[in-house]
Every structure is written in C-alpha cells, then in structure tokens.
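Heads up: the structure comes next, in structure tokens.
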Amino acid sequence: MINALSGSANVSLQRVLDSVLDVVCVFNNQGDFVYVTQASFTVLGYHPHELLGRSYAEFIVQGDLEKTRNSAQSLREGCLTTNFENCYY
C-alpha cells in the first residue's frame, strides 16, 4: 500500500500512520494482513511483523469470528462500517 506512492508522499503518509494511536491495517482478499501500523503492538500486543502474512481470523476470539467475517464481507461490498468492535487473542 505505502510502497505504491511516490517518495515524498510515501514518507509523509508513513509519518502520519506511525503517529496514529489506533491500529490501521489492510487485508488481502484472503483475509491476510498486508499492512499494519506500529500501534498494533500497543493496542493488540503484536508487532506488525508478527501479523503480516497471517489471517486476521487467527487472532479473533471464536465468539466474534462470524460477526467479523460478516463485517469484512460488507466492507468488500462497499458498505460503510463504523464503530465495529471485536476481541482478539
């Protein structure tokens, strides 16, 4: 995601994302993490490199997995999702 930007835009966006207190992440169509901000360690207890390439489903509490998958499907269909919460291991 970040690498697709030009040099100065890439650096600027990376600085903004590194300062965000919430986790910002991008998944591929299979549900694998392809980008994760540094806040993942503070919020989830995982460094970005521990999440990259792994499925989000590995980290979600079983009771929240179905609603998370439903929300992910809605996002893929272009629906706006706000205030979504789930629990991670």
Side-chain angles (χ1 to χ4, degrees):
M1 176 183 123
I2 299 293
N3 294 333
L5 300 173
S6 67
S8 62
N10 184 346
V11 170
S12 295
L13 180 56
Q14 191 62 57
R15 283 185 187 145
V16 169
L17 290 172
D18 284 344
S19 68
V20 172
L21 300 177
D22 281 329
V23 178
V24 177
C25 51
V26 177
F27 303 98
N28 62 19
N29 288 334
Q30 292 75 42
D32 299 330
F33 290 94
V34 294
Y35 179 81
V36 185
T37 56
Q38 295 298 319
S40 65
F41 183 71
T42 304
V43 175
L44 303 173
Y46 295 98
H47 291 283
H49 72 270
E50 295 176 286
L51 299 171
L52 292 173
R54 296 176 68 184
S55 173
Y56 72 85
E58 294 179 48
F59 301 95
I60 296 176
V61 172
Q62 190 64 35
D64 286 352
L65 194 51
E66 182 177 354
K67 76 175 184 176
T68 302
R69 286 183 171 146
N70 291 340
S71 180
Q73 181 61 38
S74 293
L75 286 169
R76 282 191 294 275
E77 293 169 358
C79 298
L80 178 63
T81 300
T82 59
N83 298 320
F84 179 79
E85 293 183 22
N86 59 7
C87 296
Y88 283 80
Y89 292 109

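Just so it is clear, the values below take in all heavy atoms, side chains as well, and ignore hydrogens, waters and symmetry mates. It should be emphasised that the depicted structure is a prediction, and the values quoted were computed from it without experimental measurement.
- The distance from the SG atom of C87 to the CG atom of D64 is 5.0 Å, given to the nearest 0.5 Å.
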- Task: Check the pair L52 / V36 against side-chain contact (heavy atoms from CB on, under 4.5 Å), numbers first and verdict last.
- Result: CA-CA 7 Å; L52 292 173; V36 185; 4.0 Å; yes
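- Judged as a side-chain hydrogen bond (donor to acceptor under 3.5 Å, both in side chains), and not counting sequence neighbours, Q62 has no contacts.
- Listed by first and then second residue, the side chain to side chain donor-acceptor pair (under 3.5 Å) pairs involving residues 78-89 are T68-N86 (not counting sequence neighbours).
- Not counting sequence neighbours, E50 has no partner by the salt bridge (Lys or Arg N to Asp or Glu O under 4.0 Å) test.
- The side-chain hydrogen bond (donor to acceptor under 3.5 Å, both in side chains) test applied to R15 returns no partner, not counting sequence neighbours.
- L51 places a side-chain heavy atom less than 4.5 Å from the side chain of S40.
- Considering only residues two or more places apart in sequence or on other chains, R69 meets the salt bridge (Lys or Arg N to Asp or Glu O under 4.0 Å) condition with none of them.
- Listed by first and then second residue, the ring-ring contact (aromatic ring centres under 6.0 Å, His included) pairs involving residues 7-32 are F27-F33, F27-Y56 (not counting sequence neighbours).
- In this structure E66 satisfies the side chain to side chain contact (heavy atoms under 4.5 Å, CB included) test together with N70, sequence neighbours excluded.
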Less than 3.5 Å apart, which donor and acceptor atoms pair up between the side chains of residues 16-25 and the rest of the protein, not counting sequence neighbours?
unit_1 : atom_1 : unit_2 : atom_2 : d
D18    : OD1    : Q14    : NE2    : 2.9
S19    : OG     : V16    : O      : 2.8

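- Taking the side chain to side chain contact (heavy atoms under 4.5 Å, CB included) definition, one finds that S12 meets it with nothing, sequence neighbours left out.
- Residues passing the ring-ring contact (aromatic ring centres under 6.0 Å, His included) test with F41 are H47, sequence neighbours excluded.
- Qualifying side chain to side chain contact (heavy atoms under 4.5 Å, CB included) partners for N29, counting only residues two or more places apart in sequence or in other chains: none.
- In this structure, F84 is not a member of the same hydrophobic cluster as L75, with clusters built from ILVMFWY side-chain heavy atoms closer than 4.5 Å.
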